[in-house]
Each structure stands twice: as structure tokens, then as C-alpha cells.
There are 4 protein chains.
Amino acid sequence: MAENAARHHGNRHGRSEQARLAVLEAADDLLVEKGFAGLTIEAIAASAGVSKQTIYRWWSTKTDILLDAFLQDLAEDLPVPDHGSLERDLRHYLRNLAYFLTRTDAGAVLRALLGHAQHDVDFAAVLRTRYLDEQLSRDKLALERAVERGELPDSLDIAAEVDQLVGPIYYRALVTGGAVDEGFTDALVDACLRRVS
Amino acid sequence: MAENAARHHGNRHGRSEQARLAVLEAADDLLVEKGFAGLTIEAIAASAGVSKQTIYRWWSTKTDILLDAFLQDLAEDLPVPDHGSLERDLRHYLRNLAYFLTRTDAGAVLRALLGHAQHDVDFAAVLRTRYLDEQLSRDKLALERAVERGELPDSLDIAAEVDQLVGPIYYRALVTGGAVDEGFTDALVDACLRRVS
Amino acid sequence: MAENAARHHGNRHGRSEQARLAVLEAADDLLVEKGFAGLTIEAIAASAGVSKQTIYRWWSTKTDILLDAFLQDLAEDLPVPDHGSLERDLRHYLRNLAYFLTRTDAGAVLRALLGHAQHDVDFAAVLRTRYLDEQLSRDKLALERAVERGELPDSLDIAAEVDQLVGPIYYRALVTGGAVDEGFTDALVDACLRRVS
Amino acid sequence: MAENAARHHGNRHGRSEQARLAVLEAADDLLVEKGFAGLTIEAIAASAGVSKQTIYRWWSTKTDILLDAFLQDLAEDLPVPDHGSLERDLRHYLRNLAYFLTRTDAGAVLRALLGHAQHDVDFAAVLRTRYLDEQLSRDKLALERAVERGELPDSLDIAAEVDQLVGPIYYRALVTGGAVDEGFTDALVDACLRRVS
DNA sequence: TAGTAAACGAGACGGTACGTCGCGTCTTTCG
DNA sequence: CGAAAGACGCGACGTACCGTCTCGTTTACTA
């Protein structure tokens, strides 16, 4: 089947899934291989075996492609654990987040996208809509569950707490480049628990 | 005599200070006017009344220029207040930092540079050497003074504390785009004081 | 239909004839206007309303363009008259040649190309292949016809005769800059006839 | 003396002969090594160990330098033999001229200069004044002597005869690139003698 | 069982900016 | 005061990608 499937050359109704996936994969590969600055739409097209026009038909910028590629890769997400214990949930979640941000390929792509968002406000908005908002919800989840369970008071400013939990992690990942180990994330959890209890 | 020196067109010993300053100023202006992506070396040269070759003689990339321009602008620095009181020092310092990062032109340039550092590890290293390290020292200063005064124990992990103090500020500025008001920074100080005392 | 075809912006099968002609015409015009040294590919592109890349796609140097332009202009050629009389043929042909070389725009382009060939052996070879060889055939034609008619012996060294006929004309045009009038060309014909008869 | 003379760095009284010769020699060498197009004033300065300004103080263009270099090399000139016999004089002279033009380094430089003169009328005038006029006198010499001796009539159009004698040689050297051997130059002499006698 | 229309590959096009090279000018310092 | 050194403004070079535009081809739905 795959053998004689040969090339796809158009379809009256709807786009070629084959082309779409080839582009996303090529974008990912080339980002790793050449870096963000060395990533060109022309190269993506060539490497994906796709014409430039096909890319421009469906995406408008290279960061648009990268965002799609990133979200595609994000199938294996950041599951928010639910141990019924705020401490264990947070500890587990922050460790995962730190690992994701600093150690995985997808994390590298996210850092690149956040970097680009610093000098493109339109893209910053898109990134928020398509990824960050959802991620923020996940960040809050452990605390929200604790409130529901009555473990924490309704009056808690969850947003502020989340910023103090994850902020230092992003700071090290994006700014100082310092290590983000379990000692560090556990300390963040400890500090949080002392604040809220 | 110095007055009618007119234009400087090169001499045997060293570069033209006039050209240097014109480039840095033009880079600053154009970054604000056109944004990072719209900032070209060609435009900087034209706007500074300087030839491209003169730029390439002294800088290698546009971020190189921007970093110089940023450091030049940083004369009016972030003075670290010394009230003799840890609380007042921190409260003051964080407010200044937040204002600098989110409200000033220099802060915008810094965010752009941090953004670029996300996809250029070489530049990230340069940025650290030429700016961030020094900034980190400033960040630590208030706590270090408190230790010297005996207000805080020697055993304090100052680096970790600093990350928890400034991390959330950078996080909001670089990632969520959320407001960084005095209520937020004061809460960070409160949390810090509770941790260390 | 052909009327409203409007602008051509590239297509799958080959180059834009419109762009090709615009380049050749612009090259011709600019050579006359600015001279050889003042002729730049950038100016040709601008004047032809064509991008530089389009020029570089099809030509490698400005002399390459000029040679094409010259050959294009050469539609109205140097017809070799055939009066059935060697004397009348030669007299007519040499007058035409002298006029062409010293008085016409195309002649000026040819002198420029010959000039460039003096310090570019590769181009000299190209010039021979694409123009001079054919021109040499034309130069020989009148004598060859006379041989065919039996007017001249088979043993005649036509190449040597041609060099003595046209050589002095090129010499004056290219080296001394002296006038090449009819008295001069007629004298060349007379001398030739005396030699061969 | 030569030992401790070291470098010359300015002179209160007139220009440096050392610099002048170094420039001319470097120009010659580089023309051979890199060709006319690859010959730059910057390279000449570097290769001669001379500053650009020194070159510009004394010459205006690179062809100006080359012309000086050419005339300097022309010490060993084209002596016009005087055997007391027109035939022997001409035969000898044309052979020398052909050899000079097509086989010597100085001939190559002359061809380059003639090439440049095709697209620079100002330089063409300079070349005539500083070299060609003198050369034309030499070309005429053998015939003039024959007239003086009474061997040829006063009424002879010497200029026209010279063009027919040397024209074909320049034509082959500059245009067709054909060989210019003794058979060819001797034939030219034969034809001339038949015309004038 | 054609026709037909969307999506495709290919790739030429007008552009913009790149980073480099050489030009000719200028200034400073040395001898 | 000539010469070395070398920075400067300038302009063209040739290249890389940009995003747009045909132009045939492939394919799956529709008539």
C-alpha cells in the first residue's frame, strides 16, 4: 500500500495530509539541525518534498509552522497528577515541567517560540491563544483541586501563587540558563505550602 | 578648535566615536520604530549616516549592536537602595526592576535581546557575560547586605532566594504578558521575608 | 487575449521573453548613455524593471549581456552584396563594414566587446564562437564567389587576403582612431585586386 | 648603505623613487598574476608596500599606472633597422613588431591597454599621446628613409601604406587571435613592395 | 464515464537585505 | 612635507530568501 501510493498530486476536496505532516516534520528536523535563524521556508519546502506554494497556502510564517509542529508533538502532554494530596501533586508537576522545559526537544521549540514572541506581539497573542492559556489552566489545576477539596481557602489568589511556583523555573530556563533540578523545584513547593497553609 | 573640527573621516589611530554613537542611537530608535524583525543593518547605517562597512568593521550582527546600545543606555542604572532595612530595600528594588522591565525602552530592548538569546546560544553566552552576570550581582545585593548586617543567617541560599524574588517578574514580563504591579512585587517581598525569617 | 495577458511573473516552462528583451534593451541604452565602465548590472536591472536575480539567472557577466544585446541588434546585418563582380562586391562590402564599425551603435558595442576580450581570454573565445567566426565567413564570401565563378584561381589564400582587406580597417577603428573613409577602403580594394589578378 | 637605509618614510624634498618603482613593478607582476580585471589599486599598494595615498598622489587610475609601467619596460624598444634596403628593413621590422605584439609580456600589457582604450576615450587620447604617436613615427621610418634615398617617390601616401602593412598584424593580434608568423608578415611586405614600386 | 475544479510539483518573477570588495578621500603620526 | 597606516562614506557586487505568480498534472467528486 505504502509502496505504490507514490506521490500525492492534488485532491479536489481538502488538503494533503501527507504534505502537512511532511512539512511539520521537516520544520522540526531543520530547527534542530540549523537553528531558528537558519530555518527557511525554502529549506522546509525542499526538505519536505513540497512546493513553496503549498506551504504558503496553509501557513503564513515559519513560526506559524513551528507552532503547529510544537502542538503536534505535544500529544504526550504534561498530565497533571491527581494524588489527592496538594504536596505530592505539586512536587510531581513541577518536576515534570522543569524537565519538559529544559530537557526535551519540544521544550526547546517552546523556548524558541517564546523567544520569537518577544519581538512579535502578534505572534505572542497567537501563542497565548493556542498554547499558553491552556498551559496556564494546567498550571492552576493542582491548586484548584485543593480548593475544591477544602484543603485551601476560596480566597486564595491562585494566579499569584502559580506565578511564584512556575516563574522561577521559566526564569532559570529562559534567562539565567541555570540548572533546574529537583532540589530547586521542591524548594518552590515547600515555599508555596508555607505561604498557603 | 574642537568646534570646527567638522566631520571625522577616519584616522590612523582608532575608530570614530561620532560614528559609534550615531549607530547605537539609530539602532535604538529603529528598534522602537520598526520592531526587531524590521530592524536591518542597512537601515541602521542609512539612519546613522554611516556606511555599512563601518558597521561591519566593529560589530558582527544586529544583536551585537543592540547589546552595545542597551549597555550604553544603562548609564542611568538600577541603583540598589540601601536603607539599612531589608524589607524596604527589597520592596524598592523589585518595584524598580518591574518598572524597568515592563515600562522602559531599555527594558524593551532587553526583552528583545533575551528573546534572541533563546535561539542563539552563542549570543546567550555573550549576553550573560556582558550584562546578566552583573545584573545578578545587583539582584543579590540587598540580601547580601542583610547577611553582613547579621539580619540573616550565613547559611541562606541567596541564589535560590533571588530566583524566587525576580523569577515571577521575568515570567510575567516574558511569558504571560501579565501586569507586574506593586501589589505583585510587594507580595513577592512578603513571601521572601516569611521564608528567610 | 494576448493583449490583456498583462505582466508575466514566471511560469513553469521557461523564462520571460519580456524580461529578456527589457534587459537587452536597457543594456544597450545604458552603454550608450554611461559608457562601458559606468554600466552596472544593478542599473540594467533597475532600468529594465527587472530584479537582479533574474539577470543573474540567465547571464553571468555584463559582457555576456552586451554580447546578447549586440547579436540581437544584428538582425539588420551586413548583407554581402552579390553584383557578379568582385570589384563592386568588395568595394560595397568594405564601405559597409567601415561604416558599421565606426559609425553605428552596434559597432560601438562591438568595439567595447573587442576591448574587453583583450583582458578576458574566456570571453574572447565566446566572442569568437558566437560572432567572429560567422563574421569571418561573411568577410570571405565575396572572394569565395569569385573563385567559384572562375574569376580567381583555386590556389588563392583567401584568409590572408581577407586579413589584408579588413585588417587596416579594424586597425584604424581600434588602434589609431583615424578616419576610415571611402578613399581608404577603395584603396584597400584596389590593392587587393592588383595582388590577386 | 642599502642595509641600514631601511624603509623610506617621507622625504622633505620630492617623491620617493623607491616607491615609484615598487608600484610599477607590483602593477606589472599583478597584471600577469591576476589579469586586468583582478588588478586593484589596493592590491598594488599592498604588494608594493606602499600606502594607497602615495599611489593616488602620483597616479589617477590603474591604467595610468599600467601605462607608466609599460613605458618603463619599453627601454629595450623596437629598433628600426637601417640596412639601406627597404625590403630588408620592412621584413625585419614587421617580424619584430609581430613578435613584440603577440609574444612578449610588454605586448600583452599593450593589448590590455588598447582594450581599455576601447571604452575610455580619455585614456585613448592619453595612450596616443604618450605611446602610439611615437610608435606611428617608428612605423613610418623605413618608408621615409626610402623616400629620402629616392628609392620611392615623394608622392607616396606613407600613412596609408603603413596602415596596410601593420593593420593586418594588429587585426590578427587583437581580433581574430590568429597566428602572426613570418610567412604572414613577409607576404605583407611583398604586397607593399608591389604596390609602391 | 467523462468533466471539472481543487490542490499539487515546479520554478521564474520582482523585491529586499545580506555581507564583501574596492573605490577615492581624509586624518594622524612618523621621520 | 612625503609617506605609512588605516578608518571613513560610498556604491556595486553576487547570493539567499522572501512572498507572488503562472503553468501543467494529478486526483476525487459530480453530472
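Atoms considered below: every heavy atom in the structure, side chains included; atoms not considered: hydrogens, waters and symmetry mates. Below, chains carry the letters A, B, ... as their sequence lines are ordered, and counting in each starts from 1.
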query: Could C:R20 and C:W58 be counted as a cation-pi pair, given that NZ or CZ must be under 6.0 Å from the ring centre and within 45° of the axis?
result: no
message: Measure CD1/C:I65 against C1'/F:dC13 and give the value in whole Å, please.
response: 13 Å
message: Whole angstroms only, please: what is the OH-P distance between C:Y56 and E:dC18?
response: 18 Å
task: Please tell me which of C:A43 and B:R57 maps to the more 5' nucleotide of DNA chain F, matching each residue to the nucleotide holding its nearest heavy atom.
output: B:R57
- prompt: Given atom CD of B:Q18 and atom C1' of E:dC26, what is their separation to the nearest angstrom?
  reply: 13 Å
query: Taking only N and O in the side chain of B:W58, is any of them less than 4.0 Å away from OP1 or OP2 of F:dC8?
result: yes
- prompt: Is it true that a side-chain atom of D:T129 and a backbone atom of D:A125 form a donor plus acceptor pair closer than 3.5 Å?
  reply: yes
- prompt: Atom NZ of C:K62 to atom P of F:dG14: distance rounded to whole Å?
  reply: 10 Å
Contact under 4.0 Å: B:T54 side-chain N or O vs F:dA7 OP1/OP2: no
query: For the pair made of CD1 in C:I55 and P in F:dT15, what is the distance, rounded to whole Å?
result: 13 Å
message: Rounded to the nearest 0.5 Å, what separates atom OG in D:S60 from atom CD1 in D:I41?
response: 8.5 Å
statement: In whole angstroms, the gap separating C1' of F:dG9 from CZ of B:R15 amounts to 16 Å
- request: Specify the separation, in whole Å, of atom NZ of D:K34 and atom P of E:dC21.
  value: 12 Å
message: Taking the basic N atoms (NZ, or NE/NH1/NH2) and the acidic carboxylate oxygens, is any pair closer than 4.0 Å for B:D68 and B:R130?
response: yes
- prompt: Between E:dG11 and A:S51, is there an OP1 or OP2 to side-chain N/O distance shorter than 4.0 Å?
  reply: no
- prompt: CG of A:L39 versus P of F:dA16: gap in Å, rounded?
  reply: 17 Å
Closest-nucleotide 5' rank along DNA chain F - winner of B:A19 and C:S60: B:A19
- prompt: Could one point to a donor on the side chain of B:Q53 or the base of E:dC21 with an acceptor on the other under 3.5 Å away?
  reply: yes
- line: Out of F:dA12, E:dG14, E:dG24, minimum distance to the side chain of C:E42 belongs to F:dA12
- request: Pick base, sugar-phosphate or nothing for D:T40, based on heavy-atom distances below 4.0 Å to the nucleic acid.
  value: sugar-phosphate
query: Counting only heavy atoms not in C:E25, do more than 12 sit closer than 6.0 Å to its CD atom?
result: no
message: For E:dG14, does the base pair up with any side-chain atom of C:K52 as donor and acceptor (N or O, under 3.5 Å, distance only)?
response: no
